[in-house]
Peer 1: 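Structure provided below as structure tokens; questions to follow.
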Amino acid sequence: MSTKRKVAVLVAGSWGTALATVLADNQFDVALWTRNEAQADEINTHRKNSRYLNDAVLPEGITATTEMKVAITGAELVLFAAPSAAMRDVAKLAQPFLEPDAICVHATKGFESVTYKRMTTVLSEELQIPLERLVVLSGPSHAEEVVRRLPTTVVVASASIETAEKAQDAFITRHFRVYTNKDVIGVEVAGAIKNIIALGAGLTDGLGFGDNAKAALLTRGLAEISRLGTAMGASPLTFAGLAGVGDLVVTCTSKHSRNWRAGSMLAEGLTLDEVLRKMGMVVEGVRTTSIARELAQHYGVEMPITEQLFAVLFQKKTPRSAVESLMGRGRTHETEDVAGA
């Protein structure tokens with residue numbers, strides 16, 4: 001019988017599997033939950049998750065299971081890496097088996113549809129635990145690089161610094177550096193909204209607009225992230241850190257990024273439905289664009305990039321026309337605009 005400490009990872013997508021590798025490297029017994037029996041068999045028999053991570057070989061410390069009770073029972077830490085649209089359902093399945101003192105970490109970058117709630121709120125409601133037992137993990141981190149143990153740095157945030165430090169201890173390795181932060185709102189907002197800007201980066205690259213345009217998009221995109229985040233109660237300093245500018249840069253400049261690839265395909269003339277079918281995986285930025293537009297209206301802040309991407313995604317506006325609309329906006333002062341004036 002194993003004497004290792006146990007953790008659970010829900011679900012076995014690319015990011016969940018990559019983080020399961022990090023935890024296994026830290027000598028945890030990792031139970032990786034999936035609904036797919038064939039996927040579980042492939043992981044356990046061949047040490048591969050070929051649908052999501054190609055030829056990456058997974059460590060022996062990971063055991064896949066389709067039984068939630070088996071995954072959760074005895075786990076001192078539970079990592080939720082489900083898409084935002086599935087988070088509430090996965091949490092409902094996990095709740096009956098959750099250990100009384102287990103720390104719950106999520107690594108999902110998005111909001112819940114309809115309610116527009118952040119993932120820590122969703123988890124607190126469904127797991128019936130206080131926010132002090134919840135952690136969000138975010139930052140510049142492509143699963144394809146993490147699973148190869150390339151140097152990566154992230155941040156964990158919690159209402160309790162003690163809980164954040166426990167998560168930090170669980171995840172930190174010589175390849176995977178982890179910082180702590182108390183600004184849960186800022187870390188979650190930054191992680192979600194940067195996906196919108198990454199869609200825009202894919203569009204500008206696909207249209208051949210060059211480095212100047214991309215630099216402007218990232219800078220003004222960060223202004224939109226900061227504007228909405230501070231209106232929701234976040235610290236402005238968070239957006240200058242790993243969860244903010246760090247994650248924004250990596251998502252907008254790498255072809256590993258699903259959102260960048262989706263934006264690039266839209267620039268080629270594919271419809272949104274065609275892009276999503278071709279991707280075959282969740283593109284969080286698409287859903288988040290609609291949600292962020294509603295949140296901007298609710299909090300009374302301007303998000304012109306988000307507004308134009310919404311028009312491209314859902315109102316059949318051409319990408320080129322969207323860029324022309326952004327370039328033709330009225331004059332304003334840069335720092336006043338960042339502050340929402």
Side-chain angles (χ1 to χ4, degrees), residues 4-34 39-40 43 47-54 56-65 71-72 75-84 86-87 90-91 94 102-110 119-120 123 134-158 163-181 187-188 191 242-243 246-247 250-251 256-258 281-282 284:
K4 291 183 179 180
R5 297 154 64 193
K6 180 182 176 182
V7 297
V9 177
L10 324 174
V11 297
S14 57
W15 193 210
T17 304
L19 289 174
T21 298
V22 173
L23 292 164
D25 285 348
N26 260 352
Q27 303 305 306
F28 286 101
D29 270 333
V30 183
L32 181 57
W33 179 80
T34 173
Q39 185 186 32
I43 291 169
R47 317 309 308 163
K48 297 285 185 70
N49 188 354
S50 57
R51 177 181 175 186
Y52 293 100
L53 290 171
N54 298 322
V57 178
L58 306 181
E60 294 293 332
I62 299 173
T63 303
T65 179
I72 297 288
E76 64 181 69
L77 181 148
V78 181
L79 171 67
F80 291 83
S84 59
M87 186 65 81
V90 171
I103 294 172
C104 295
V105 181
H106 88 79
T108 299
K109 299 171 181 178
M119 293 296 102
T120 50
L123 288 173
L134 287 165
V135 181
V136 52
L137 183 153
S138 193
S141 48
H142 288 307
E144 296 86 351
E145 297 184 0
V146 171
V147 78
R148 292 169 55 203
R149 297 171 180 81
L150 298 180
T152 301
T153 306
V154 299
V155 61
V156 288
S158 174
T163 303
E165 288 173 348
K166 288 180 179 178
Q168 181 184 43
D169 289 342
F171 283 95
I172 195 166
T173 73
R174 62 194 184 95
H175 306 292
F176 196 79
R177 183 165 176 78
V178 184
Y179 288 85
T180 58
N181 192 321
V187 171
E188 289 189 299
L242 290 165
D247 206 5
V250 78
T251 311
H256 288 312
S257 167
R258 299 178 195 175
M281 293 185 283
V282 174
E284 287 281 6

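As a basis for the values below, the full set of heavy atoms in this structure was taken, side chains included, without hydrogen atoms, waters or symmetry mates. Keep in mind the model is a prediction, meaning the values are calculated, not measured. The chain is numbered in sequence order, starting from 1.
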Peer 1: Can you tell me how far CD of Gln39 sits from CZ of Arg51, rounded to the nearest 0.5 angstrom?
Peer 2: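 If I round to the nearest 0.5 Å, the distance is 7.5 Å.
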
Peer 1: Identify the heavy atoms of Gly191 and Ser138 that sit nearest to each other, and give their distance.
Peer 2: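 That closest heavy-atom pairing would be CA-OG, 4.1 Å.
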
Peer 1: For Thr173, does its backbone N or O pair with a side-chain atom of Asp25 as donor and acceptor, under 3.5 Å?
Peer 2: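 No, Asp25 side chain to Thr173 backbone: no donor-acceptor pair under 3.5 Å.
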
Peer 1: How long is the span from the CG atom in Leu32 to the OG1 atom in Thr17, to the nearest 0.5 Å?
Peer 2: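 It comes to 5.0 Å.
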
Peer 1: I'd like to check Cys104 versus Leu123 (side-chain heavy atoms, cut-off strictly below 4.5 Å). Are they in contact?
Peer 2: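 Result no, sub-4.5 Å side-chain heavy-atom pair not found.
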
Peer 1: Counting N and O atoms only, with roles assigned by atom type, does the side chain of Glu188 sit under 3.5 Å from a partner on the main chain of Thr120, one being a donor and the other an acceptor?
Peer 2: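 Between the backbone of Thr120 and the side chain of Glu188 there is a qualifying donor-acceptor contact (under 3.5 Å).
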
Peer 1: Shortest non-hydrogen contact from Ala243 to Val155?
Peer 2: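 Minimum heavy-atom contact is CB-CG1, 3.9 Å.
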
Peer 1: Looking only at atom types and distance, does a side-chain atom of Thr180 sit under 3.5 Å from a main-chain N or O of Val156, one as donor and one as acceptor?
Peer 2: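 The answer is no, because no donor-acceptor pair under 3.5 Å joins these two groups.
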
Peer 1: Less than 4.5 Å apart, any side-chain heavy atom of Leu137 and any of Trp15?
Peer 2: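 In short, these two side chains touch, coming nearer than 4.5 Å.
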
Peer 1: For the side chain of Arg149 and the backbone of Arg174, is there at least one donor-acceptor N/O pair under 3.5 Å apart?
Peer 2: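 No, because the side chain of Arg149 does not come within donor-acceptor range (under 3.5 Å) of the backbone of Arg174.
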
Peer 1: Taking His106 for the side chain and Thr108 for the main chain, is one N or O donor matched with an acceptor at less than 3.5 Å?
Peer 2: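 Yes, the answer is positive, given that a donor and an acceptor are paired below the 3.5 Å cut-off.
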
Peer 1: Side-chain contact, heavy-atom cut-off 4.5 Å: Ile72 with Trp33?
Peer 2: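 Of all side-chain heavy-atom pairs linking Trp33 with Ile72, none is under 4.5 Å.
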
Peer 1: Is a side-chain donor or acceptor of Asn26 paired with a backbone partner of Ala170 at a separation under 3.5 angstrom?
Peer 2: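 Between the backbone of Ala170 and the side chain of Asn26 there is a qualifying donor-acceptor contact (under 3.5 Å).
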
Peer 1: Mind listing the closest non-hydrogen atom pair of Ser14 and Ala143 along with its distance?
Peer 2: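 Looks like O-CB, 3.5 Å.
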
Peer 1: Looking at Lys109 and Gly139, would you say the former's side chain and the latter's main chain have a donor-acceptor pair under 3.5 Å?
Peer 2: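 Side chain of Lys109 to backbone of Gly139, a donor-acceptor pair under 3.5 Å: yes, one is there.
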
Peer 1: For the atom pair CG (Asn49) and CD1 (Ile43), what is the distance rounded to the nearest 0.5 Å?
Peer 2: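 Nearest 0.5 Å value for the CG-CD1 distance: 4.5 Å.
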
Peer 1: Does any N or O in the side chain of Glu76 come within less than 3.5 Å of the main-chain N or O of Arg5, such that one atom is a donor and the other an acceptor?
Peer 2: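 Flag not set: sc Glu76 to bb Arg5 has no pair under 3.5 Å.
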
Peer 1: Measuring only between side-chain heavy atoms, which start at C-beta, is Thr63 closer than 4.5 Å to Asp29?
Peer 2: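 When only atoms from C-beta onward are counted, Asp29 and Thr63 do not touch, as no gap falls below 4.5 Å.
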
Peer 1: How long is the gap from OG on Ser158 to NZ on Lys166, to the nearest 0.5 Å?
Peer 2: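 The NZ atom of Lys166 is 10.5 Å from OG of Ser158, to the nearest 0.5 Å.
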
Peer 1: Any chance you could lay out the side-chain hydrogen bond (donor to acceptor under 3.5 Å, both in side chains) test for Glu284 and Ser84, step after step, and finish with the verdict?
Peer 2: CA-CA 8 Å; Glu284 287 281 6; Ser84 59; 2.8 Å; yes

Peer 1: Rounded to the nearest 0.5 Å, how far does CG of Leu79 lie from CZ of Phe171?
Peer 2: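 Rounded to the nearest 0.5 Å, the CZ-CG separation comes to 4.5 Å.
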
Peer 1: What's the shortest heavy-atom distance between Lys4 and Phe28, and which atoms?
Peer 2: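 So the two residues come closest at CD-C, 4.3 Å.
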
Peer 1: Within a 6.0 Å radius of atom CZ on Arg148, are there more than 12 heavy atoms belonging to other residues, nucleotides or ligands?
Peer 2: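 No.
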
Peer 1: Give a yes or no answer on whether the side chain of Arg258 reaches the backbone of Val282 with a donor-acceptor pair at less than 3.5 Å.
Peer 2: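 Indeed, once roles are kept as given, a pair shorter than 3.5 Å links the two residues.
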
Peer 1: With a 4.5 Å cut-off on side-chain heavy atoms, are Arg47 and Ile62 touching?
Peer 2: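 Answer yes - side chains close enough.
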
Peer 1: Apply side-chain contact (heavy atoms from CB on, under 4.5 Å) to Thr21 and Leu58, showing your working.
Peer 2: CA-CA 7 Å; Thr21 298; Leu58 306 181; 3.9 Å; yes

Peer 1: Between Lys48 (side chain) and Leu53 (backbone), is there a donor-acceptor pair under 3.5 Å?
Peer 2: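 No, Lys48 side chain to Leu53 backbone: no donor-acceptor pair under 3.5 Å.
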
Peer 1: Which heavy-atom pair separates Ala82 from Val90 by the least distance, and what is that distance?
Peer 2: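 For Ala82 versus Val90, the nearest heavy atoms are CB-CG2, 4.0 Å.
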
Peer 1: Please examine the side chains of Val250 and His142, heavy atoms only from C-beta on, and report whether any two atoms are closer than 4.5 Å.
Peer 2: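 Counting from C-beta outward, His142 and Val250 do come under 4.5 Å.
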
Peer 1: Give me the atom names and distance for the closest heavy-atom approach of Ala71 to Ala8.
Peer 2: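 Looking at all heavy atoms of both residues, the shortest contact is O-CB, 3.3 Å.
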
Peer 1: Hey, what do you get for OG (Ser257) to CG (Asp247), rounding to the nearest 0.5 Å?
Peer 2: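 Interatomic distance, Ser257 OG to Asp247 CG, rounded to 0.5 Å: 9.0 Å.
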
Peer 1: Pick one: which of Leu10, Val11, Val105 meets side chain to side chain contact (heavy atoms under 4.5 Å, CB included) with Phe80?
Peer 2: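 Result: among Leu10, Val11, Val105, Leu10 is the only option passing the side chain to side chain contact (heavy atoms under 4.5 Å, CB included) with Phe80.
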
